[in-house]
Amino acid sequence: PSLVMVIDANDAVALAEFWSAAFGYRRVDTVEQYEVLVPGAGAGGPPLLIQGVDDPKVAKNRMHLDLHVADAEATAQELEALGASRLGSGSIGEIRWITMADPEGNEFDLAWDHS
């Protein structure tokens, strides 16, 4: 099997712009209510579909994305400039994370190893 990540959005075009910048992905197509994003040249990772939906997000995600980054604070600031918001932080052992939300409130973490 292959993995495709799907994120619901009220404004699929705007959220595709955010996630393209956040992941370094590029938009390659629009198919009905989906914006199709793929990794940039030479990068790995699964495709990402931004699915346009009518209903707003109302509760915490049951599944979220972890973005493993070298400099979480710098990345958090870059993503805040794109419209993300910071929700909190946490740690388990040497792993640290900053919990963020995209412009429509979908949660994700910026994670790094503090060792």
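The basis for the numbers below is simple: all heavy atoms, side chains too, and nothing from hydrogens, waters or symmetry mates. Keep in mind that what you see is a predicted model, and the values were worked out from it rather than measured.
In terms of heavy-atom proximity, Arg26 sits nearest to Pro39 at NE-O, 3.9 Å.
Not a single donor-acceptor pair under 3.5 Å links the side chain of Glu107 to the backbone N or O of Lys60. No side-chain donor-acceptor contact under 3.5 Å links Glu104 to the backbone of Lys57.
Other residues, nucleotides and ligands contribute only 12 or fewer heavy atoms inside 6.0 Å of the CD1 atom of Ile92. With a 6.0 Å radius and a threshold of 12 heavy atoms from other residues, nucleotides or ligands, Asp54 has its CG atom at or below the threshold.
The CD atom of Gln77 sits 12.5 Å away from the CG atom of Leu82 when rounded to the nearest 0.5 Å. Between atom OG of residue Ser91 and atom CH2 of residue Trp97 there is a gap of 6.0 Å, rounded to the nearest 0.5 Å. Atom CE of Met100 sits about 13.0 Å away from atom NE2 of His64, to the nearest 0.5 Å. Ile98 contributes atom CD1, which lies 10.0 Å from atom CZ of Phe108 (distance to the nearest 0.5 angstrom).
Cluster annotation: Ile95 and Leu110 are assigned to distinct hydrophobic clusters (Ile/Leu/Val/Met/Phe/Trp/Tyr, side-chain heavy-atom contacts under 4.5 Å, transitive). Ile50 and Tyr34 are members of different hydrophobic clusters when ILVMFWY side chains are connected at heavy-atom separations under 4.5 Å. Cluster membership check: Val31 shares its hydrophobic cluster with Val38, using side-chain heavy-atom separations under 4.5 Å among Ile, Leu, Val, Met, Phe, Trp and Tyr. Taken together through direct or relayed side-chain contacts under 4.5 Å among Ile, Leu, Val, Met, Phe, Trp and Tyr, Val36 and Tyr25 form parts of separate hydrophobic clusters. The same ILVMFWY cluster, assembled from side-chain heavy atoms under 4.5 Å apart, contains both Phe23 and Leu15.
Checking Leu49, Asn61, Leu48 one by one against Ile7, the side chain to side chain contact (heavy atoms under 4.5 Å, CB included) holds for a single residue, Leu48.
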Inset, instruction - Before giving the answer on side chain to side chain contact (heavy atoms under 4.5 Å, CB included), spell out for Phe18 and Leu79 the whole-Å C-alpha distance, their side-chain angles and the decisive distance to 0.1 Å. - result: CA-CA 8 Å; Phe18 172 82; Leu79 295 175; 4.2 Å; yes
Legend entry - Stepwise side chain to side chain contact (heavy atoms under 4.5 Å, CB included) check, Glu35 with Arg27: CA-CA 7 Å; Glu35 295 294 321; Arg27 291 171 66 191; 2.8 Å; yes
Legend entry - Steps toward side chain to side chain contact (heavy atoms under 4.5 Å, CB included) verdict (Thr75, Trp112): CA-CA 11 Å; Thr75 303; Trp112 73 99; over 6 Å; no
Inset, instruction - Decide side chain to side chain contact (heavy atoms under 4.5 Å, CB included) for Glu32 and Gln51; before the verdict, give the C-alpha distance in whole Å, the side-chain angles of both, and the deciding distance to 0.1 Å. - result: CA-CA 9 Å; Glu32 296 185 16; Gln51 174 179 278; over 6 Å; no
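Side-chain contact annotation: Trp19 with Asp102, donor-acceptor N/O pair under 3.5 Å present.
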